[in-house]
Every structure is written in C-alpha cells, then in structure tokens.
Amino acid sequence: MHSRHALHQRTGRLLTLYDRETRQGARADGPDDVVERVGRVVRRTAPAHGWNGVVWSGFTSAEEADAAITEQIAHYTARGLPFEWKLYAHDLPADLGRRLVAAGFTPGPDETLMAAEIDALALTAEVPDGVRVLPVTDRTGVDQVAEVHERAFGDDASRLRRQLLDALTGTPDTVVAVLALAGDVPVGAARMELTPGTGFAGLWGGGTVPEWRGRGVYRALITHRARTAAARGYSRLHVDASPRSRPILSRLGFTELTVTTPYVYAP
C-alpha cells in the first residue's frame, strides 16, 4: 500500500508541475506565435500551418466555460483558423467535453499523458543492428522525417515539414528532431519540443516504418532524445502516448498521469 501511495503522490506532483509549467505557463514557439492568457484560458495563435488552440483552462463554473468557448470560437473564426481545444480528463467542469461538442467541436482519439523524471528512466544504449540515430539539422533531414511520418502514420506531412523547418531555422533551441537510418534509408523519426525556462521536454511524433517495427527503433529514439534533453538541462519528459506506444513507455519508466483528448473546431 505504501508504494502505491508514493506512486499516487508522485503522479499528482508531476501532473501539477506539468499543468503549471507547460499549460498555464505556455510560451510562444517563435516570432509568429502569440500565447495569451484571456480570462481563465491560455491560448496560442500561430500561422495557419502552426498549432492553434487552447492549451489550458481553469473554469470555476459552467457559465464561465460556455462564455469562454464562445469567445475562442469568435477569436479563431475571425482569423479564418481551425483550432484545437486540448482537453485533459481533470479539467473542469467535468462535462467540458460535452459542452465543446455542443458548440460544434469534433473530438479526436484519446491519448494518455505520460511523464517521467529523466534520471529515473531505464534507458538502454542498444540500437538495432545496422541502424544509427542522427540529429536532423537541414532541409534534407526534415524531408526524411516527413517521409517516415507519412509511411508510419499514413497521413500527409506537409504541415509538419513546414513547422519543423520554421523551428529549426528560427528557434533551434526549442526543437530537436532525430532520424533512425538503416544504411541510408530512413526507418524511424521523432522530434522533441523544449520549453526554455521549464523542466519539461515533450516527445512528439515518434514513428517507425512498418517493416522495422518491433526491433527497438522507437526505444532508441526515446533514449537519444532523453539524453539530449538532460544535456540541455531538462529533468522531465512528457508524451501523449498512443495505445501502441504506451506499453513501451511504461517499461522504460514513464507514469500515466491523465487522458487528453483533442477537440477540433473548423470554421
């Protein structure tokens, strides 16, 4: 019982830190990105190929929530931008998801927010035979990341390509991208978003092409990013985990904090 209580306390502490540092304390990613606190909402407004949406809300009543939903729809619609309301299971009121749907939002698939202290992770230096993991620094590397993304997830990566190129050229201290190459063929890719001034680095977009799955490529990409984050002074990692990656992350030492669901509004 004691260890379960300790785990519960650690989970609660990590979630509180995550909310405070990465959501309430969200910072602009670059010069074209605006982060504002409007009432009980923190929102990000970026170019059309960037990420637009609500990262945090802290409502004290249902009326406050409804008024803020209407206000955000007006804000983004006036700019012709689709946007996402990133809802977490502990956000209040408890029926906020239902209120978003009633206002015209479409929910996406649930993901599990997982986090870890980097020095507590069971990292391994092993890389699959014939594979090397390299940082991405130029347009060629970005194109290869996009190619892996399309093969791994089956969706269009043109927006990711532009976002990554913008970040690597404009704000290189906020993003790390890595490739796993088998010979010269890209077989895995991932990125990491760093928020200067916080202890958290976020893991995003880790994908492996179908014929290389189950061989440790995804794990190697996590290890590479964790070591890079630690070398840059970050102490914690967070990731929105899909059902496929959750067991791998658990084995490495990540803890499940809550569930997050994207609610998308297209004007």
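Everything numeric in this text was worked out from a predicted model, so none of it was measured.
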What's the spacing between [X] [atom1] and [Y] [atom2] if we round to 0.5 Å?
{"X": "T258", "Y": "E111", "atom1": "OG1", "atom2": "CD", "answer": "12.5 Å"}
{"X": "I69", "Y": "Y263", "atom1": "CD1", "atom2": "OH", "answer": "10.5 Å"}
{"X": "M114", "Y": "F254", "atom1": "CE", "atom2": "CZ", "answer": "7.5 Å"}
{"X": "D138", "Y": "Q144", "atom1": "CG", "atom2": "CD", "answer": "8.5 Å"}
{"X": "L165", "Y": "R162", "atom1": "CG", "atom2": "CZ", "answer": "9.5 Å"}
{"X": "Y88", "Y": "L113", "atom1": "OH", "atom2": "CG", "answer": "6.0 Å"}

Could you go through the side chain to side chain contact (heavy atoms under 4.5 Å, CB included) check for V148 and V187 one step at a time? CA-CA 6 Å; V148 169; V187 296; over 6 Å; no

Side chain [X], main chain [Y], donor-acceptor under 3.5 Å:
{"X": "R27", "Y": "G25", "value": "yes"}
{"X": "T260", "Y": "L87", "value": "yes"}
{"X": "D110", "Y": "T261", "value": "no"}
{"X": "T77", "Y": "A74", "value": "no"}
{"X": "E147", "Y": "D143", "value": "no"}
{"X": "S245", "Y": "A241", "value": "no"}
{"X": "R40", "Y": "G58", "value": "yes"}
{"X": "D95", "Y": "R98", "value": "no"}
{"X": "T171", "Y": "T174", "value": "no"}
{"X": "R225", "Y": "L221", "value": "yes"}

Taking it one step at a time, do R219 and H224 satisfy side chain to side chain contact (heavy atoms under 4.5 Å, CB included)? CA-CA 9 Å; R219 235 176 16 248; H224 183 97; over 6 Å; no

Which pair of heavy atoms, one from [X] and one from [Y], lies closest together, and at what distance?
{"X": "I248", "Y": "Y218", "answer": "CD1-CD2, 3.8 Å"}
{"X": "G253", "Y": "A116", "answer": "O-CB, 3.9 Å"}
{"X": "V127", "Y": "A220", "answer": "CG2-CB, 4.4 Å"}
{"X": "P93", "Y": "A65", "answer": "CD-CB, 3.8 Å"}
{"X": "A190", "Y": "G206", "answer": "CB-CA, 3.7 Å"}
{"X": "A226", "Y": "L123", "answer": "CB-CD1, 3.8 Å"}

Do [X] and [Y] share a hydrophobic cluster, counting only Ile, Leu, Val, Met, Phe, Trp and Tyr and linking them when any side-chain heavy atoms are less than 4.5 Å apart?
{"X": "L92", "Y": "V42", "result": "no"}
{"X": "V55", "Y": "Y18", "result": "no"}
{"X": "L179", "Y": "W204", "result": "no"}
{"X": "W85", "Y": "V264", "result": "no"}
{"X": "V35", "Y": "L194", "result": "no"}

Around atom CD of E211, are there more than 12 heavy atoms of other residues, nucleotides or ligands at under 6.0 Å?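 Yes.
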
Heavy-atom count around D129 CG within 6.0 Å, excluding the residue itself: above 12?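 Open: at most 12 neighbouring heavy atoms sit under 6.0 Å from CG of D129.
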
For residues 112-123, which residue pairs pass the salt bridge (charged side-chain N to carboxylate O under 4.0 Å, His left out) check, not counting sequence neighbours?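 For residues 112-123: R13-E117.
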
Among residues two or more places apart or on two chains, list those pairs meeting salt bridge (charged side-chain N to carboxylate O under 4.0 Å, His left out) that have a residue in residues 240-264.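 For residues 240-264: K86-D240, R246-E256.
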
Who are the side chain to side chain contact (heavy atoms under 4.5 Å, CB included) partners of L168, not counting sequence neighbours?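 Here the qualifying residues are V136, V142, L164, V175.
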
When you compare the side chains of R159 and H49, does any donor N or O come within less than 3.5 Å of an acceptor on the partner?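 No, no side-chain donor-acceptor pair sits under 3.5 Å.
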
Do H75 and R79 have a side chain donor and acceptor closer than 3.5 Å?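 The answer is yes; a qualifying pair exists.
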
Just checking, R236 and F200: is the charged tip under 6.0 Å from the six-membered ring centre and within 45° of the axis?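 Yes, a cation-pi geometry.
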
Could you tell me whether Y76 and F83 have their ring centroids closer than 6.0 angstrom?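 Yes, they do, as the ring centres are separated by less than 6.0 Å.
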
Chi angles and distances behind the salt bridge (charged side-chain N to carboxylate O under 4.0 Å, His left out) call for E150, R161: CA-CA 11 Å; E150 290 183 344; R161 187 185 272 113; 5.1 Å; no

Side chain to side chain contact (heavy atoms under 4.5 Å, CB included) with V54: which of L100, D91, V41?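 Per the side chain to side chain contact (heavy atoms under 4.5 Å, CB included) rule, the option paired with V54 is V41, out of L100, D91, V41.
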
